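All remarks here apply to the structure that follows.
Every heavy atom of this structure was used, including side-chain atoms; hydrogens, water molecules and symmetry mates were not. Everything numeric in this text was worked out from a predicted model, so none of it was measured. Naming: A, B, ... by sequence-line order, numbering from 1 per chain.
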Amino acid sequence: MNEALLADLLAAAAGALEDAAPELNRLDAVAGDGDLGVTMTEVARIAREVLAAGAAGVPELLSALGAGIARGAPSTSGTLVATAFLRASRACGEGGEPTEVLARCFGAALDGVRARGKAEPGDRTLVDGLASVSASLEASAADGLAWQEALARAAEAARSTAQATAEMEPKKGRASWAPQRALGHPDAGCSMLAIVLSAAAARAGA
Amino acid sequence: MNEALLADLLAAAAGALEDAAPELNRLDAVAGDGDLGVTMTEVARIAREVLAAGAAGVPELLSALGAGIARGAPSTSGTLVATAFLRASRACGEGGEPTEVLARCFGAALDGVRARGKAEPGDRTLVDGLASVSASLEASAADGLAWQEALARAAEAARSTAQATAEMEPKKGRASWAPQRALGHPDAGCSMLAIVLSAAAARAGA
Amino acid sequence: MRKIINHPKAFVDEMLEGVLLAHPSSLRSPARRVVVRADAPRQGKVGIVTGGGSGHLPLFMGYVGAGLADGVAVGDVFASPSAEQVLEASRAVDAGAGLLYLYGNYSGDVMNFDLAAELAMAEGMEVATVLGTDDVASAPETEPERRRGVAGIALLYKVAGAGAEQGRSLAEVVAVTERAGAGLRSMGVALSPCTLPAAGEPTFSLPEGQMEIGMGIHGEPGVSRGPLRPAADIGAELVGHIVDALSCGRGDDVAVLVNGLGATPVEELYVLYRSVHAGLVSRGVEVRRTWVGEYATSLEMAGASVSVMRLDEEILGLLDAPARSPLLARW
Amino acid sequence: MRKIINHPKAFVDEMLEGVLLAHPSSLRSPARRVVVRADAPRQGKVGIVTGGGSGHLPLFMGYVGAGLADGVAVGDVFASPSAEQVLEASRAVDAGAGLLYLYGNYSGDVMNFDLAAELAMAEGMEVATVLGTDDVASAPETEPERRRGVAGIALLYKVAGAGAEQGRSLAEVVAVTERAGAGLRSMGVALSPCTLPAAGEPTFSLPEGQMEIGMGIHGEPGVSRGPLRPAADIGAELVGHIVDALSCGRGDDVAVLVNGLGATPVEELYVLYRSVHAGLVSRGVEVRRTWVGEYATSLEMAGASVSVMRLDEEILGLLDAPARSPLLARW
Ligand SMILES: Nc1ncnc2c1ncn2[C@@H]1O[C@H](COP(=O)(O)OP(=O)(O)O)[C@@H](O)[C@H]1O
Ligand SMILES: Nc1ncnc2c1ncn2[C@@H]1O[C@H](COP(=O)(O)OP(=O)(O)O)[C@@H](O)[C@H]1O
Ligand SMILES: [Mg+2]
Ligand SMILES: [Mg+2]
Ligand SMILES: [Mg+2]
Ligand SMILES: [Mg+2]
């Protein structure tokens, strides 16, 4: 996957984030402070800026995204997304099939987010979404699937995990302070991940 | 007019004030701070207390009302009503026909309110109401009318003056700060006077 | 009503109970609804007595403290205190050096303070009066006696209080306070109504998305109502009216107070101040001192007011003198 | 929205411009959205760095001042500042005696301050962290690491700031601040929602006549919602929860802070304090110090919180030490 293609997918994801902002605010408001859409609109704006500026290569682009988001959108989700990009940047450089690279990147992102946020799978956070996406990509890589197909399956995994979080009790973040409130509503961060991946997969046209 | 009769009329007036509180708040809110009903409810409460305590005679009753209201309801209207009672108390003791006494009392009240509030007739204040009531009582006294009839005419004068104030530009009090707002609405203080006199007149059964 | 209260009728007295429980070493109550500095009377010092309706904290009680006022008569919500309360406050703070009655120009208050002054003088106290009359929106410049007093009075307490604390005579305190007041103007904007506890419903209606320029601190009608505009426009308009009224410009030194009416976050007051500052600086006016926060509120009204006071070195010195009251100091 | 703002996106930066224009002799900005005491770094003194989302003034920036914190990283509304901002604040206040990061326990803030601490330590600064975790409603007593920080942190700034100002070592400042924090609990009640400027609509709905006990300062869900009750009931309930959490009773000395969330008049806070005081005194707890006012707000949310801190003579001495910041001091 080259830089231009990645940029194209990310631009699609940014657009989807902006469209979903009210929905993300609403989901976050159920048990949090109702600002995830505000933050993700800012993340999308930063992403567009970084994409417009261009970068020497994929790792450079990912690390510029991570640094820009860490600087410009440092809420919980923004910081975790930044961490994910920074870790992905370090993991993507070692070559391999595009699907393998994707799997490595999301695996690294998952590890980074777990380390920074100290949430475990099942805590009803972004970790759940990243864990299922990462597992799906691993499986696709093992099966030798094309990256477009792998991305589509990863998006599907993200969507169903987001749905599944509706039945989980939150253990981390603002939602954990009133765990019962969250029940019946998907986790906002996982929904955000599903939206982003769905948009990228649709753009990839698989 | 003896003390018991006066107390009976005042009790009727107090009841009317309480009933009219929301309307008085509304009229005051048009151009003032919307609390005339609140103040007059307090005035009514104090009046009932003073009436329940009783007094040695009419002047004593009126001065107890004035002192109680001055102490307990000292807003603009409360202070003016207190002044009116205190002046009436000093004026009522000299004997004469009941209608003459009434006329003297309201004349003294008018003078007191003018002195304290420094408003002139035509400024759209309680002074307008008191001036027309006082004039009406003077005329009734000159015509030798019974006090019940005089009171009924005074109430009628108060009502029509209140209506007339709707066309006046306020010059004193809060309403004067936005004179155009008041136009079309009767002055709250004059309406209050009309309500009180109407209730007393109805009670007097003329 | 979204209010943390018990019975509305008990509101003022329970508030006072809370104040006296919270600040027993700073304040005491010599009579019902009268509060004075715990150390009053202070021998040889001009006593400053203030008062007015409740619902405006920190106005009026918040200005009772060292370097500020000595006593306050506390009225019902938006209603004057009685002459009797003012008299009791006067008795409690009188230290033989005379009394300054310093309060806002509202008819109920004027009547009751004037009556109290007569009674106090009959008891041998010396009494002078200075009224807060800073609200540009309430009357034309040609009729100062009709202008109402709003948040600017906070600066007058500071000037008068510092002068009194320094041992100046009543005549001197009156003179400098009057001079400060003559160069002091304010104007406000309201974005929402407020609700008197005893009335239970908003005093007036002001729909979301509308604002009223010039509204008074009891909801008295302002000079114009219209769609809510950006902070920069509001700041420019308020400064324009004030600067016109004061005819101040290049070379003038001023102090500025941006006051919140109750529900407006301090963040917004600073956003507003940014434009107020720009408006003054662009006219060559130098801002020597600035205060931003809640100094005179209208219950939970949303909105703000801007006050500008001309400075000379004497007034500036008094503004800089130490002052402390339990309701103003956050530590 | 009833807000005095320009473009919602410019809100935080324009607010900061206003703050710096208003208080040029007390505060300066060494980097974007970083504000420090004008006299920082103060040689030999432990530097105290704080920060958090905007929308809570006087929290957090209001606690930058003499005898309080030295620097603040200012986040977007209800959002953490970045690690980079915290690092810039650290650089600007570090005077070689070590840094205390003192802020509220929210995941975004913790991640960014932790990252900044790593970076600062890599640059040779010594960094220790104490979190505000006073909100009883946010987690059971058995899980202190999950409790969020609310208005009680105002008292921790006072304790830590006074300790640092006296020249105590970082370890000593940390120890006394942790001890103060261990004996500090708060609980709040919300009567209305608030609206993020950038979101344009209330974060949640809370109809008039309803209240939510235990709601957090970002509108985090509380422990119970129901019809608005009288102030006396609210005070009794809040004190009950806090006293249970602290297991305090006869013979204990405490300081009390009654905090307004933004739109609640100070009068109501005193009405509430009256019942808070009664609840403590009836349990034999002695209230040694009381503060009532706005110390940590949630934009224009209506409501209040109560904080109670156990006292020993050392902590009391630190609470009584002088402190001054331009956003807290009204003179
Ligand atoms: N410790 C954590 N680890 C991973 N994800 C988390 C953690 N805490 C919260 N999240 C995710 O962040 C989302 C909320 O993000 P955001 O609104 O930016 O947080 P905040 O407003 O609290 O700063 C949640 O829906 C959840 O998916
Ligand atoms: N100077 C004055 N002289 C006589 N009556 C006055 C004067 N000022 C106001 N009033 C009357 O008082 C009424 C308002 O009373 P009130 O609501 O008690 O005043 P406030 O709320 O301003 O203290 C007005 O409707 C008017 O009739
Ligand atoms: Mg959030
Ligand atoms: Mg009125
Ligand atoms: Mg009134
Ligand atoms: Mg947030």
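- Under the 3.5 Å distance criterion, with hydrogens and angles disregarded, no donor-acceptor pair is assigned to the side chains of C:Tyr103 and C:Thr129.
- For C:Glu294 and C:Asn259, the side-chain atoms include no donor-acceptor pair closer than 3.5 Å.
- Taking chain B as the reference chain and counting heavy-atom pairs below 4.5 Å, the highest number among C:Lys9, C:Glu212, C:Arg33 is found for C:Glu212.
- By number of non-hydrogen pairs under 4.5 angstrom with chain B, the leading residue of C:Ala79, C:Ser107, C:Gly216 is C:Ser107.
- With respect to chain B, the highest number of heavy-atom pairs below 4.5 Å among C:Val223, C:Val110, C:Thr203 belongs to C:Thr203.
- The closest donor-acceptor contact from the side chain of B:Trp147 to the backbone of B:Glu100 lies at 3.5 Å or more, if one exists at all.
- In this structure, the portions of C:Arg148 lying under 4.5 Å from any heavy atom of chain B include both its backbone and its side chain.
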**Report entry** Full working for side-chain hydrogen bond (donor to acceptor under 3.5 Å, both in side chains) between C:Arg185 and C:Ser307
**Finding:** CA-CA 6 Å; C:Arg185 293 292 182 282; C:Ser307 303; over 6 Å; no
Query raised in the report: Passes salt bridge (Lys or Arg N to Asp or Glu O under 4.0 Å), B:Arg116 versus C:Asp114? Steps please.
Result: CA-CA 9 Å; B:Arg116 174 119 340 272; C:Asp114 279 356; 5.8 Å; no
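- For B:Thr125, the side-chain contact (heavy atoms from CB on, under 4.5 Å) partners are B:Ala119, B:Asp123, B:Val127, B:Lys172, not counting sequence neighbours.
- The stretch residues 73-91 of chain B places B:Pro74, B:Ser75, B:Thr76, B:Thr79, B:Leu80 near chain C, each with some heavy atom under 4.5 Å from a heavy atom of that chain.
- At a heavy-atom separation below 4.5 angstrom, chain B is approached by C:Ala137, C:Ser138 within residues 130-142 of chain C.
- With sequence neighbours excluded, the residues that form a ring-ring contact (aromatic ring centres under 6.0 Å, His included) with C:Phe78 are C:His56, C:His218.
- In this structure, the side chains of C:Leu206 and C:Arg225 come closer than 4.5 Å at one or more pairs of heavy atoms.
- When heavy atoms are compared at a cutoff of 4.5 Å, B:Asp35 approaches chain C by way of both its backbone and its side chain.
- Remark: the C:Ser80 side chain and the C:Asn112 side chain contain an N/O donor-acceptor pair separated by less than 3.5 Å.
- Counting only distance, with no hydrogens or angles, the side chain of C:Gln85 and the backbone of C:Val74 share a donor-acceptor pair below 3.5 Å.
- Counting heavy atoms of neighbouring residues, nucleotides and ligands inside a 6.0 Å radius, atom CD of C:Glu201 does not exceed 12 of them.
- B:Arg181 touches chain C through its side chain: at least one heavy atom from C-beta onward sits under 4.5 Å away, while N, CA, C and O do not.
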Query - Full working for side-chain hydrogen bond (donor to acceptor under 3.5 Å, both in side chains) between C:Tyr101 and C:Ser90 - result: CA-CA 9 Å; C:Tyr101 285 0; C:Ser90 304; 2.6 Å; yes
